[in-house]
Amino acid sequence: MATYVEIICGIIAVFLAFYYYFTSTFDFWKVRGVAGPRPMPVFGNMKNVMLLKTSTSHFLRDIYKEYENEPMIGIFARRTPIIIIRDPELIKDVLIRDFSKFVDRGFPVVEKAEPLSQHLFNLEAERWRPLRTRLSPVFTSGKLKEMFPLIIDCSKHLQQYLDKLASKGEPVECRELTAKFTTDVIGSCAFGIEMNALSDEESEFRRVGRQVFDVNFWQVMRFRLRQMAPKFYNLLGYVLPPTEITTFFTKIIVDTMLYRNENKIVRPDFVNMLLELKKHPDKLENIKLTDTLLTAQAFVFFIAGFETSSTTMTHALYELALNVDVQKKLRQEIKEHYEKNNGELKYDDIKNMAYLDLVFRETLRKYPPGPLLVRKSVASYTFKNTKVTIPEKSVIWIPLYALHHDPAIYPNPDAFIPERFTDDAVAARHPMHYLPFGDGPRNCIGARFAVYQSKVGLITMLRNYKVEVCDKTMIPYVIDPAAFLLAPKGGIYLKFTKEES
């Protein structure tokens, strides 16, 4: 009998220990006077997100609405306190004015388990700052102008590929179409590699790129484990073999750098910048410059560049198919520029297409690729005009999707209205209410490149084709709750109709 009592007492003790572990932080925001929803053990406030019942975008939008009169909201991811910033001045403090206190993004770098995780997006301040300084020159407007003919070459391949797809008279899955285009653009412009995603259905680059964002059970489990127990997850790197993604990209980049070095090939691109870093490691003090670290920088530029741009192009096509008048006006602008230049597209035309810019910015407003911006404090910090102090290593979320869909900022936010971004309309809004590329020193390093390749892709497709909804078009739009970036569930199918104009 005593044995049973001891077993029961042991079970109760273990249960209480677990309960205490998962709830011991739950007074964190209460003692600081920060409003927020009541958390529950194990999940915190994110049960439906963790169980893939809702997207992070909609979760944050709903909390943002519920606490519409609060400058900040306190929530918990499992047992970790997270502060959501709503007030635009506080957002500006975090991203710009007090950036030195929030220089880290707070994503774990697990070098053993995922060698390519040590890239510019994830890196802590010590390595991020010098690398960012050295890599930034490759994204200047001058470098982009040099790359522009290469983007145009890829756009011609896109035109041929679209002609082939449209001739079948079947709905076209636009995410795959645009991803093949952006894969080829980045391969040509950044790495000097022919990736052949448009011309080769079996393109290795497209196949591996697809794997990176593939939503499956193991990908979700790896992501959860990386977030919940990064140290334990990293230890698995000692026993688990490297993934195909790691092996593939490391070989490609290392071989490319070796070939260029041996053959004295110089190109104004990303790989050339990596080669310069390798030749002059003294310029990066206190950083061990390995082939893996260099490959990681190329890797993140590739995956972020093709995925975010292709998804944005897809969303633009989707809205243009739904909003016929907007599409008609945009296609007319495109037609006028081609006629003016005798059927050619020039670098300056991209900047001069005013309505295209409005359409593009409204697309990023309604569908920001990342639903939130994340920062992590590197010191204790007291938010201005409040009594709220957070300790070092606190996590801050800026709810992009919620800000972009706030009816007080953007009336009728679910409508697609490019005129929201006329000069007068933009001047009337707080600059922190539109942040598709982030802001401050840690904004998106490749934003200019992303804008140009996306706009060239849209121009190419819309010049000769009307884009229309079809039976397979998803209406209304549904966000995939399992996707890391904002993406449609099941893809976007549209009909392309040839129209010489």
Side-chain angles (χ1 to χ4, degrees), residues 19-50 54-108 227-228 368 370-409 430-435 438-440 442:
Y19 182 82
Y20 175 77
Y21 174 78
F22 282 110
T23 61
S24 60
T25 60
F26 283 180
D27 65 345
F28 187 91
W29 295 121
K30 185 177 180 181
V31 299
R32 287 169 171 77
V34 178
R38 184 182 179 86
M40 64 185 298
V42 180
F43 297 104
N45 299 109
M46 302 192 66
K47 177 184 174 183
N48 288 339
V49 174
M50 293 175 68
T54 190
S55 67
T56 303
S57 300
H58 287 158
F59 163 73
L60 288 174
R61 182 198 60 188
D62 293 344
I63 285 184
Y64 180 97
K65 284 182 181 178
E66 185 178 350
Y67 294 89
E68 61 182 353
N69 296 318
E70 300 290 339
M72 56 186 72
I73 308 157
I75 65 166
F76 295 85
R78 293 174 295 275
R79 63 191 299 273
T80 302
I82 293 173
I83 191 162
I84 300 170
I85 307 297
R86 292 180 88 262
D87 182 87
E89 287 300 313
L90 295 183
I91 292 173
K92 191 170 185 177
D93 287 340
V94 170
L95 296 181
I96 303 172
R97 288 190 287 239
D98 294 325
F99 171 74
S100 62
K101 299 287 182 67
F102 302 98
V103 66
D104 284 351
R105 277 213 172 93
F107 293 107
Q227 294 298 114
M228 292 169 56
L372 71 159
L373 298 176
V374 182
R375 295 292 185 268
K376 192 173 188 177
S377 62
V378 297
S380 62
Y381 181 82
T382 300
F383 289 97
K384 291 184 179 67
N385 301 317
T386 77
K387 296 179 180 179
V388 178
T389 298
I390 56 174
E392 180 185 355
K393 297 184 179 179
S394 293
V395 179
I396 297 92
W397 283 5
I398 297 167
L400 271 194
Y401 184 89
L403 285 165
H404 288 190
H405 287 77
D406 184 343
I409 303 168
H430 196 289
M432 295 298 104
H433 282 154
Y434 183 70
L435 298 165
D439 208 330
R442 200 146 190 178

Any idea which heavy atoms bring Arg442 and Val103 closest together, and the distance?
NH1-O, 2.8 Å
Indicate every side-chain donor-acceptor pair of residues 37-48 with a distance under 3.5 Å to a residue at least two apart or in another chain.
{"unit_1": "Asn45", "atom_1": "OD1", "unit_2": "Phe76", "atom_2": "N", "d": "2.8"}
{"unit_1": "Asn45", "atom_1": "ND2", "unit_2": "Pro37", "atom_2": "O", "d": "3.2"}
{"unit_1": "Asn45", "atom_1": "ND2", "unit_2": "Arg38", "atom_2": "O", "d": "3.2"}

Quick one: do Thr386 and Val34 satisfy side chain to side chain contact (heavy atoms under 4.5 Å, CB included)? Show the steps, please.
CA-CA 10 Å; Thr386 77; Val34 178; over 6 Å; no
Quick one: does Thr80's side chain get under 4.5 Å of Thr25's, heavy atoms only?
no
Those residues at least two apart in sequence (or on a different chain) that pass salt bridge (Lys or Arg N to Asp or Glu O under 4.0 Å) with Lys384 are Asp93, Asp98
If you look only at distance, which donor and acceptor atoms sit under 3.5 Å apart when one is on a side chain in residues 54-67 and the other is two or more places apart or in another chain?
{"unit_1": "Ser55", "atom_1": "OG", "unit_2": "His58", "atom_2": "N", "d": "3.1"}
{"unit_1": "Tyr64", "atom_1": "OH", "unit_2": "Asp406", "atom_2": "OD2", "d": "2.6"}
{"unit_1": "Tyr67", "atom_1": "OH", "unit_2": "Gly36", "atom_2": "O", "d": "3.2"}

Non-hydrogen side-chain atoms of Leu90 and Pro71 separated by less than 4.5 Å:
yes
To check you understand the geometry: which heavy-atom pair defines the closest contact between Ser100 and Val378, and what is its length?
O-CG2, 3.3 Å
Side-chain contact, heavy-atom cut-off 4.5 Å: Arg86 with Met72?
no
Qualifying residue for side chain to side chain contact (heavy atoms under 4.5 Å, CB included) with Pro399, from Leu373, Ile73, Ile84
Ile84
Could you give the distance from CG (Asp87) to CG (Asn385), rounded to the nearest 0.5 Å?
8.5 Å
Residues pairing under ring-ring contact (aromatic ring centres under 6.0 Å, His included) where one sits in residues 374-400, two or more places apart or in two chains, turn out to be Phe102-Tyr381, Tyr381-Phe383
Provide the full list of salt bridge (charged side-chain N to carboxylate O under 4.0 Å, His left out) pairs with a residue in residues 21-34, sequence neighbours left out, each pair given once.
none
Which heavy atom in Arg375 sits nearest to a heavy atom in Val94, and how many Å separate them?
CG-CG1, 4.0 Å
Between Leu400 and Gly370 the two heavy atoms that sit nearest each other are CD1-O, 3.4 Å
Test of understanding: with side chain to side chain donor-acceptor pair (under 3.5 Å), list the residues that count as partners of Thr389, not counting sequence neighbours.
Thr382
How far does CH2 of Trp29 sit from CD1 of Ile390, to the nearest 0.5 angstrom?
6.0 Å
Can you list the residues that meet the salt bridge (Lys or Arg N to Asp or Glu O under 4.0 Å) rule with Glu89, with sequence neighbours excluded?
Arg97
If you compare all heavy atoms of Lys101 against all heavy atoms of Ala379, which two are closest, and at what distance to 0.1 Å?
CD-CB, 4.0 Å
Start with the C-alpha distance between His430 and Ile409, add both sets of side-chain angles, then the distance that settles side chain to side chain contact (heavy atoms under 4.5 Å, CB included), and finish with yes or no.
CA-CA 9 Å; His430 196 289; Ile409 303 168; over 6 Å; no
Side chain to side chain contact (heavy atoms under 4.5 Å, CB included) between Leu403 and Ile91: does it pass, once the steps are laid out?
CA-CA 11 Å; Leu403 285 165; Ile91 292 173; 3.8 Å; yes
Hey, could you give me each pair passing side-chain hydrogen bond (donor to acceptor under 3.5 Å, both in side chains) that has a residue in residues 69-79? Not counting sequence neighbours.
Ser24-Arg79
